[in-house]
Amino acid sequence: MKIGVYGGSFDPVHNGHIAMIRSALKSGFIDCVIVIPSVRNSFKLYTNKLPPPYRFYMMKETVEGMGLKNVFVSDIEYGIDGVSYTSVVLAKLTSDEYIIPFLTDNGIKRKKAEEHHEFFWLMGSDTLGTFENWYKPGEILNYASLLAAVRPGDDTDVEKTKASIKKNLGGKVEIFRLDGIECSSSQITSSGDFSQVPEPALEFIKRHALYTENTKLEGVSDEARKQFFEAAVWMYRYLGGKRLLHTLNVGYLSAHLAGLYGCDKDKALIAGALHDCAKELPIEQQLEMAKRYSGDLFTEKKIIHSSAGATFVKEDLGIEDKDILDAICYHTTGRGNMTVLEKIVYLADKIEPARNYMDLGPIRETAEHDLDEAVRMTADAVRNKFKSQGREMHPVTIQMMKDLGMLSE
């Protein structure tokens with residue numbers, strides 16, 4: 001097979017990306033395209049608008065939603081430590097150990113997946129002119145030829161560039177014409193005009209309330225932003241897509257609420273983003289971790305992930321800040337004498353943008369001006385749910401409700 005490889009930030013996915021994929025397939029040079037949303041792009045390290053999992057799942061939903069045939073999305077960069085240099089990615093991608101199971105998992109018959117494959121790295125012709133300055137360009141060409149799209153209005157002398165690459169690096173360059181509209185992710189996010197974003201990606205963006213004021217992380221330190229991005233990559237190994245995006249949404253919302261109520265935005269971002277990190281670990285492992293943080297306080301299967309999460313981030317990520325750890329530990333149940341940070345993470349977990357289990361509009365509106373009342377409204381909804389299910393509330397939840405004036409002593 002002739003396989004095109006298309007890497008990028010896709011922040012967000014737009015019609016220009018789709019045009020690149022479709023035009024490359026139409027060119028006849030390749031049979032399929034593997035799309036790789038970047039994790040640690042050397043040109044945009046921690047400067048992307050969104051952490052890697054959002055961009056990965058946005059691309060997957062777009063490919064599936066648009067019914068793009070012979071287009072596969074790869075998470076290969078999550079298995080690479082450090083910067084995702086193209087040469088490093090291609091070395092792993094082109095190996096039989098990776099490419100054969102990847103193709104078969106994506107519906108390619110085993111016999112065809114085991115054939116010899118020729119790889120092409122997709123890029124715009126404007127980028128082609130900078131290729132010789134990339135990290136180890138000669139090594140890249142050991143694994144793949146270059147397949148460059150001539151964009152509308154681009155005046156790059158592609159023949160001259162091809163000749164230079166062949167002379168200096170010995171690589172092969174093929175050229176095809178791009179059929180589509182010229183647009184860029186940065187233009188979309190700076191202008192706020194998302195008309196060039198395909199519908200599946202737009203639905204994804206709206207569901208998670210992305211590219212809004214809340215996701216700009218204003219007032220958050222560079223170190224916390226980096227920690228947030230790295231935490232998102234770390235959790236990818238342990239959580240399915242829906243849960244991972246939920247916990248990241250809570251991080252964004254927690255940071256926003258922290259700004260409203262005078263709480264440390266860095267701590268709120270990290271505590272919120274990591275609150276569900278242990279949710280999908282084996283139950284026995286969760287029980288062990290929960291005991292190491294809070295003894296026998298939590299033993300019910302539905303809530304032990306909270307205390308287990310505090311242990312998980314402490315032992316795996318080296319987070320020692322007790323404010324953050326306690327906010328993670330009590331995010332499900334609340335407790336008496338809650339700190340502002342604990343209230344914020346408790347609340348954000350229940351009302352983040354993708355939550356739709358009830359009409360959350362009134363609570364979300366109240367959260368913008370009265371934290372305690374929003375927590376009361378949330379706790380009341382939880383109480384009603386437990387009552388309808390015939391379940392007893394945890395003693396620490398009862399104490400929280402007493403503190404909030406919802407129950408008499």
**Q** Among L317, L325, T247, V345, which residue satisfies the side-chain contact (heavy atoms from CB on, under 4.5 Å) criterion with L274?
**A** L317

**Q** What class does the angle between the rings of F72 and F102 fall in, given that below 30° is parallel, 30 to 60° is tilted and above 60° is perpendicular?
**A** perpendicular

**Q** CE of M58 to CG of L245: how many Å apart, nearest 0.5 Å?
**A** 9.5 Å

**Q** Check whether the side chains of D370 and T366 place a donor and an acceptor atom closer than 3.5 Å, and report yes or no.
**A** no

**Q** Can I165 and L128 be said to form a side chain to side chain contact (heavy atoms under 4.5 Å, CB included), step by step?
**A** CA-CA 9 Å; I165 291 173; L128 182 67; 3.7 Å; yes

**Q** Charged N to carboxylate O under 4.0 angstrom, K265 versus E218?
**A** no

**Q** Got a salt bridge between E300 and R391, using NZ or NE/NH1/NH2 to carboxylate O under 4.0 Å?
**A** yes

**Q** Start with the C-alpha gap between R22 and V71, add the side-chain angles, then the distance that decides, and say whether side chain to side chain contact (heavy atoms under 4.5 Å, CB included) holds.
**A** CA-CA 9 Å; R22 284 175 164 162; V71 181; over 6 Å; no

**Q** Does a side-chain N-to-carboxylate-O contact under 4.0 Å join R355 and D349?
**A** yes

**Q** For the residue pair F56 and Y236, does the interplanar ring angle fall in the parallel (under 30°), tilted (30 to 60°) or perpendicular (over 60°) class?
**A** perpendicular

**Q** In Å and rounded to the nearest 0.5 Å, what is the CG to CZ distance from D372 to R376?
**A** 5.5 Å

**Q** What is the distance from atom CG of D321 to atom NZ of K314, rounded to the nearest 0.5 Å?
**A** 11.5 Å

**Q** Got a salt bridge between R364 and E368, using NZ or NE/NH1/NH2 to carboxylate O under 4.0 Å?
**A** no

**Q** Ion pair present between E223 and K226, side-chain N to carboxylate O less than 4.0 angstrom?
**A** no

**Q** Does the pair E230 and R225 meet the rule for a salt bridge (charged side-chain N to carboxylate O under 4.0 Å, His left out), with working shown?
**A** CA-CA 9 Å; E230 287 295 338; R225 183 187 292 269; over 6 Å; no

**Q** Compute whether any side-chain donor of one residue and acceptor of the other, for S74 and Y98, lie under 3.5 angstrom apart.
**A** yes

**Q** Given salt bridge (charged side-chain N to carboxylate O under 4.0 Å, His left out), test D276 with R243 step by step and report yes or no.
**A** CA-CA 8 Å; D276 261 358; R243 178 66 53 184; 2.8 Å; yes

**Q** Just checking, is any N or O donor in the side chain of S145 or E174 under 3.5 Å from an acceptor N or O on the other one?
**A** no

**Q** Under the salt bridge (charged side-chain N to carboxylate O under 4.0 Å, His left out) criterion, do K111 and E115 qualify, and how do the steps go?
**A** CA-CA 7 Å; K111 185 176 180 180; E115 292 176 356; over 6 Å; no

**Q** Give me the one residue out of R335, H275, M400 that meets side-chain contact (heavy atoms from CB on, under 4.5 Å) with Y330.
**A** R335

**Q** Can you tell which of L341, T332, V375 makes a side-chain contact (heavy atoms from CB on, under 4.5 Å) with Y346?
**A** V375

**Q** Taking the six-membered ring for Trp, are F120 and F29 parallel (under 30°), tilted (30 to 60°) or perpendicular (over 60°)?
**A** tilted

**Q** To the closest 0.5 Å, what do you measure between CG (N249) and NE2 (H246)?
**A** 8.0 Å

**Q** Can you tell me how far the CD1 atom of I30 sits from the SG atom of C32, to the nearest 0.5 Å?
**A** 7.0 Å

**Q** Do the side chains of R207 and E61 get close enough for a salt bridge, i.e. N-O under 4.0 angstrom?
**A** yes

**Q** Hey, what's the ring geometry for Y252 with Y54, parallel, tilted or perpendicular (30° and 60° as the breaks)?
**A** tilted

**Q** H17 vs H14 aromatic rings, parallel, tilted or perpendicular, using cut-offs 30° and 60°?
**A** parallel

**Q** Fit a plane to each ring of W234 and F312, take the angle between them on a 0 to 90° scale, and name the class: parallel (under 30°), tilted (30 to 60°) or perpendicular (over 60°).
**A** tilted

**Q** Taking only Lys NZ, Arg NE, NH1 and NH2, and the carboxylate oxygens of Asp or Glu, determine whether K49 and D11 approach each other closer than 4.0 Å.
**A** no

**Q** Would you say the side chains of Y293 and D326 form a donor-acceptor pair under 3.5 Å?
**A** yes

**Q** State the CD1-CD1 distance between I324 and I328, to the nearest 0.5 angstrom.
**A** 7.0 Å

